[in-house]
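Reviewing the structure listed below.
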There are 2 protein chains.
Amino acid sequence: MENDPVQAIAMRLKIEREARGWSLAELAERSGVSKAMISKIERNEASPTATVLGRLSGAFGLPLSVLLALAERAQERVALQAEQPVWTDPETGYTRRAVSPANSPLELLDVSLPSGVRVPYPASAFAFQHQQIWVLSGRLDFQEGTVMHHLTEGDCLLLGPPADCVFFNPGKEPARYVVALTRR
Amino acid sequence: MENDPVQAIAMRLKIEREARGWSLAELAERSGVSKAMISKIERNEASPTATVLGRLSGAFGLPLSVLLALAERAQERVALQAEQPVWTDPETGYTRRAVSPANSPLELLDVSLPSGVRVPYPASAFAFQHQQIWVLSGRLDFQEGTVMHHLTEGDCLLLGPPADCVFFNPGKEPARYVVALTRR
DNA sequence: AATAATCGTCTTCTATAGTGGACGAAAAAA
DNA sequence: TTTTTTCGTCCACTATAGAAGACGATTATT
């Protein structure tokens, strides 16, 4: 167990950036890391320091350990539940589980939204990716730009062009839903 | 979310090294990283690159993402099950869950050993730490040096001085046991 | 087509990560 | 005690991470 994580990190960073439709310049501005260095890291020509990795994962809104866990799963074919990276928003209790092995063009997320919790999502996080939301249990009010969708168990919504979105659970029980998305 | 992970990494690396009773020189030899650099990292005077972090986590036998996850939990008081770092040996299916919030002097591990699986542990990994093994379910044959212990549900074993050990599950069901250990 | 943004890469330079070896302190051995 | 070993830190030096800006290529505007 002495493999260099640099290549896996490189691939994962590029995926996360492109999934958000961000250019090198935009990620540089958000993270405080120069775009030249981001370019080198993504092309496996530099080994980022912990400080830089912390800034980049912060820009993506991910704990560094989750970013690394996603990177490590790059070559896996099967993702056991016990190995799937989970991250929880400590303030709201919102949890998000990455179900699919990473680097697949189709990604599945298992999300649990506690009762009464509101989670906004900026349009920039959705650019250039096609995605659907499928409610497994509970209720979900989904605001897409100026349009409001009221979803309940079994409903599935196809997202339109990028817009500022808000997830809200109006019910008394946690809302559990799947986010399915494709890259490019 | 822009916190620098360097300090948390520094603390965690020192804990992992001291838990194994390794000197800077020994960890340097095992990891291929100079002891001067390890000293700097542990004292928060340098930000390690991904390459160096990969070598260090490899020397500890941990995936890098798990090492980071343990580091991030440094200041937490409560460890929710969904947030507890789990790692699985892909060959044997052996899984290990870090139950306690990190940096506590008393650490609890929830281990599951599949039927028929044999896991050796070198004496060097136990030096200077006091630990017990408590079987929750299934059967566990534990070889401590030249002595063999046959444990079943509810049994608890206090480990003696450091010795080469082997965990083996002779039963047909998975063995689940707790490893409790203290530092220093 | 011509102009103007915007993209990722390349270039130059500085800060610092990383190495090998020396050093003093503390513990172990005699 | 004196000697020897082992520990972690400090020093000088090299390799490279990282920043700021220039550059050609591509795409969008007019």
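Here is the naming used below: chain letters follow the sequence lines, and residue numbers restart at 1 for every chain. All figures in this text were calculated on a predicted structure; none of them were measured in a lab.
Judged as a salt bridge (charged side-chain N to carboxylate O under 4.0 Å, His left out), and not counting sequence neighbours, the contacts of B/Arg176 are B/Asp110. By the side-chain contact (heavy atoms from CB on, under 4.5 Å) test, B/Ser115 pairs with B/Asn169, sequence neighbours left out. When the side-chain contact (heavy atoms from CB on, under 4.5 Å) test is applied to A/Asp89, the partners found at least two apart in sequence or on another chain are A/Glu91, A/Thr92, A/Tyr94. Remark: B/Arg43 engages B/Glu45 in a salt bridge (charged side-chain N to carboxylate O under 4.0 Å, His left out) (not counting sequence neighbours). The side chain to side chain donor-acceptor pair (under 3.5 Å) search around B/Asn44 returns none, not counting sequence neighbours. By the side chain to side chain donor-acceptor pair (under 3.5 Å) test, B/Thr49 pairs with no residue at all, sequence neighbours left out. With sequence neighbours left out, A/Thr152 forms a side chain to side chain donor-acceptor pair (under 3.5 Å) with A/Asp155. Remark: B/Ser137 engages no residue in a side chain to side chain donor-acceptor pair (under 3.5 Å) (not counting sequence neighbours). Residues passing the side-chain contact (heavy atoms from CB on, under 4.5 Å) test with A/Ala98 are A/Leu70, A/Arg73, A/Pro85, A/Leu109, sequence neighbours excluded.
If you take CG of B/Asn44 and C1' of C/dT16, they are 14 Å apart, rounded to a whole angstrom.
Rounded to 10 degrees, the angle between the two end axes of the helix from C/dA1-D/dT30 to C/dA30-D/dT1 is 30°, with five pairs used at each end.
Protein chain B touches strand DNA chain D; the 5'-most and 3'-most nucleotides with an atom under 4.0 angstrom of its non-hydrogen atoms are D/dC7 to D/dA17.
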Practice task
Go along nucleotides 8-15 of chain C 5' to 3' and tag each nucleotide: B for a protein heavy atom under 4.0 Å from its base, S when only backbone or sugar atoms are that close, - otherwise.
Solution key: BBB-----
